[in-house]
Amino acid sequence: MTTTWILNGLTIDPKTGQTVKKHLKLDNGLVAEWLDGSASPDVGGAETIDAEGKLISPGLIDMHVHLREPGFEHKETIATGTASAAKGGFTTIACMPNTRPVIDTPETVKLVLDKAEAACGVRVLPYAAITKNELGRDLTDFEALKDAGAIGFTDDGVGVQDAQMMKNAMTLAKSIDMPIIAHCEDDSLVVGAAVSEGAFAKKHGLKGIPNESEAIHVGRDILLSEATGVHYHVCHVSTEQSIRLIKLGKSIGVNVTAEVCPHHLLLSDEDIPDSMDANWKMNPPLRTPRDVEACIGALEDGTIDIIVTDHAPHSEEEKAKGMERAPFGIVGFETAFPLLYTKFVKTGRWTLGFLLSRMTSDPARVFGLNTGSLEVGSPADITLIDLDSEREVDPASFLTKGRNTPFTGWKLSGWPTLTIVAGQTVWSEEQGILKSSEE
Ligand code: DOR
Ligand code: ZN
Ligand code: ZN
């Protein structure tokens with residue numbers, strides 16, 4: 001029996017919302033026992049981890065990430081992506097299928113799972129594509145992909161343009177009890193723009209992506225979810241219009257859930273620097289301050305269920321092509337928790353418990369995972385977090401290959417210091433990434 005004691009850490013008392021000192025015992029990869037901080041546990045010969053002053057959180061869960069392998073290893077690999085996730089405090093991540101080849105066969109699903117198994121130990125849950133090669137023409141073999149280990153279907157990176165195709169996908173997914181996860185974007189309204197239709201586009205004479213390009217798909221798909229009964233999950237919500245529709249869908253009992261990214265909670269198009277730095281280019285784009293406030297409110301009232309990063313690494317060369325030609329996307333793992341903790345919890349707008357639930361127990365609930373909680377008997381997926389010390393975001397220190405972030409230089413606190421998956425330390429501030437210790 002492998003036993004580890006995490007000593008003198010802090011947890012949130014559900015009654016008061018305040019942090020209290022606790023000791024936590026892990027046995028054989030599971031949470032075994034909580035003791036009051038005043039107790040002196042008999043640790044015997046067990047491994048001990050000193051968590052003095054650190055928060056003991058359930059491992060963070062990120063249900064929307066891009067690991068780029070196979071095919072785009074110059075941007076990221078499953079090894080570097082999972083290392084970056086571990087450093088950001090994430091113990092479970094769900095990766096998107098817009099790789100090369102696209103994850104649209106059981107073989108590619110298995111390849112991702114095999115590479116993940118050999119990597120640092122963060123749990124990787126693969127999504128498979130809705131349509132072959134994400135071209136929107138032919139459905140993939142949902143049943144075979146499910147059997148291979150896919151956890152849901154999505155053409156993330158592009159929207160499914162044809163309504164009948166989406167309805168067929170939802171009908172099929174429902175028949176095998178799988179969710180449809182949708183990147184909502186109507187191509188006929190997008191016209192090759194790089195930023196949203198708003199103040200920044202106007203000022204620089206750029207074409208803009210209108211808010212309706214997202215909301216039209218959200219509305220269409222909620223109707224199709226109502227018709228088919230499928231669990232429909234909306235990716236990276238960024239507009240007030242989408243939120244109105246999701247709220248309506250939920251109010252009439254449609255099985256719709258939704259996610260939002262830290263950048264859509266923290267930045268608007270008015271923050272984009274005039275230098276046109278492409279590290280501010282992502283899809284969906286940064287919208288108006290009014291949309292940002294709507295996203296925050298929707299997360300707070302439960303219209304939006306969870307926070308995801310949409311971690312989307314690109315090379316420096318690709319991002320140097322300028323706002324109009326660079327690819328969409330920013331990295332997210334290593335800044336997500338400190339950003340949200342500093343800007344929403346330290347400022348008093350959210351409780352720590354609220355932020356944690358949107359990054360742990362809520363994603364677990366939405367996707368039916370057995371992680372995201374530290375009740376006795378749960379998998380011992382744990383993140384220790386230093387809530388006090390302040391540090392600047394420095395892309396040079398990232399474990400992801402991507403340096404593409406708009407948050408460089410932001411002074412943040414809430415940095416993870418140690419990440420445990422199934423009772424094993426996978427990353428610590430002192431030791432970095434550890435090999436998975438099977439002995
Ligand atoms: O910003 C984005 N990056 N949005 C997407 O939809 C795709 C992603 C990527 O793959 O780079
Ligand atoms: Zn997307
Ligand atoms: Zn994405």
Side-chain angles (χ1 to χ4, degrees), residues 62-78 81 84-85 93-103 112 125-131 133-134 136 152-161 180-187 190 192-196 209 213-215 217-218 221 232-239 242 258-264 267 269 272 277-287 306-319 321 323-333 335-336 363 400-407:
D62 189 347
M63 294 306 295
H64 186 145
V65 319
H66 297 266
L67 296 180
R68 305 301 190 202
E69 197 175 355
F72 299 105
E73 289 84 357
H74 67 286
K75 298 176 197 270
E76 192 82 292
T77 63
I78 289 170
S84 174
I93 59 179
C95 63
M96 289 298 170
N98 63 338
T99 51
R100 189 175 59 204
V102 164
I103 301 172
V112 168
L125 308 175
Y127 293 114
I130 295 172
T131 66
N133 222 5
E134 294 201 2
F153 302 102
T154 177
D155 277 1
D156 185 51
V158 290
V160 174
Q161 300 305 309
I180 292 285
I181 292 89
H183 171 114
C184 290
E185 184 173 19
D186 186 307
D187 288 349
V190 165
V195 296
S196 74
I209 303 171
S213 66
E214 173 179 289
H217 270 208
V218 173
D221 292 350
Y232 168 63
H233 180 79
V234 188
C235 287
H236 40 52
V237 171
S238 68
T239 72
S242 303
E259 63 186 37
V260 66
C261 305
H263 44 276
H264 292 124
L267 303 173
D269 71 329
I272 305 174
D277 179 355
N279 289 327
W280 295 71
K281 176 177 179 178
M282 69 292 282
N283 190 11
L286 299 175
R287 310 275 187 179
I306 65 172
I307 296 166
V308 302
T309 65
D310 200 3
H311 176 81
H314 294 290
S315 71
E316 286 184 89
E317 255 179 358
E318 290 163 324
K319 275 299 197 181
K321 289 180 179 168
M323 191 59 106
E324 292 186 84
R325 292 180 50 232
F328 290 97
I330 62 171
V331 293
F333 287 139
T335 51
T400 171
K401 288 190 185 183
R403 298 290 176 265
N404 46 317
T405 175
F407 297 112

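The first residue in the sequence is number 1, and the count goes up from there. As the structure is a computational prediction, the values presented were derived from the model and not from experiment. Ligands are counted one by one from 1 in listed order, and the atoms in each one are counted from 1 as well.
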- Task: For residues Ala182 and Asp221, report the shortest heavy-atom separation together with the two atoms involved.
- Result: CB-OD2, 4.0 Å
- Task: Considering the heavy atoms of Gly157, write down every atom of ligand 1 situated less than 4.0 Å from one of them.
- Result: 6 (O), 7 (C)
- With atoms numbered from 1 as shown, which atoms in ligand 1 lie under 4.0 angstrom from a non-hydrogen atom of His314? 11 (O)
- Pick out which of Glu69, Lys401, Arg68 makes a side-chain contact (heavy atoms from CB on, under 4.5 Å) with Lys75. Arg68
- Query: Between Phe333 and His311, how do the two ring planes meet: parallel, tilted or perpendicular, split at 30° and 60°?
  - Reply: parallel
- What protein heavy atom is closest to atom 11 (O) of ligand 1, reported as residue, atom name and distance in Å? Arg68 NH2, 2.7 Å
- Message: Heavy-atom contact check, 4.0 Å cutoff: does Lys281 meet ligand 1?
- Response: no
- Query: Which atoms of ligand 1 have any heavy atom of Met282 under 4.0 Å away?
  - Reply: 1 (O)
- What atoms of ligand 1 come closer than 4.0 angstrom to any heavy atom of His183? 6 (O)
- Task: Could you tell me whether the side chain of Glu317 and the main chain of Ser315 form a donor-acceptor pair under 3.5 Å?
- Result: no
- Report yes if some N/O of Ala312 lies less than 3.5 Å from some N/O of ligand 1; otherwise report no. no
- Gln161, CD: over 12 other non-hydrogen atoms inside 6.0 angstrom: yes
- Note on the structure: Result for side-chain contact (heavy atoms from CB on, under 4.5 Å) between Asp155 and one of Ile181, Ile180, Thr131 points to Thr131
- Looking at the rings of His183 and His236, which for Trp means the six-membered one, are their centres under 6.0 Å apart? yes
- Query: Which residue, Thr405, Thr77, Leu67, Val331, forms the side-chain contact (heavy atoms from CB on, under 4.5 Å) with Thr400?
  - Reply: Val331
- How many angstroms lie between CZ in Phe153 and CD1 in Ile130, if you round to the nearest 0.5 Å? 9.0 Å
- Note on the structure: The atoms of ligand 1 lying under 4.0 Å from a heavy atom of Phe328, numbered in the order shown, are 1 (O), 2 (C), 3 (N), 11 (O)
- Of the side chain and backbone of Met96, name the one, both, or neither that has a heavy atom under 4.0 Å from an atom of ligand 1. neither
- Message: Quick check for you: to the nearest 0.5 Å, what is the distance between Glu259 atom CD and His64 atom NE2?
- Response: 6.0 Å
- Item | Under 3.5 Å donor-acceptor, His314 side chain and Ala326 backbone | no
- Task: Measure the distance from atom 8 (C) of ligand 1 to every protein heavy atom, then report the residue, atom name and distance (to 0.1 Å) of the closest one.
- Result: His66 NE2, 3.7 Å
- Nearest protein heavy-atom contact for atom 5 (C) of ligand 1: which residue, which atom, what distance? Asn283 O, 3.6 Å
- Among all residues two or more places apart in sequence or in another chain, which pass the side-chain hydrogen bond (donor to acceptor under 3.5 Å, both in side chains) test with Asp269? none
- Hey, is Lys75 one of the residues with a heavy atom under 4.0 angstrom from ligand 1? no
- Message: Below 2.8 Å, which protein N, O or S atoms neighbour the Zn ion (ligand 3), ignoring water?
- Response: His64 NE2, His66 NE2, Asp156 OD2, Asp310 OD1
- Query: Just heavy atoms, cut-off under 4.0 Å: does Ile330 contact ligand 1 by side chain, backbone, both, or neither?
  - Reply: neither
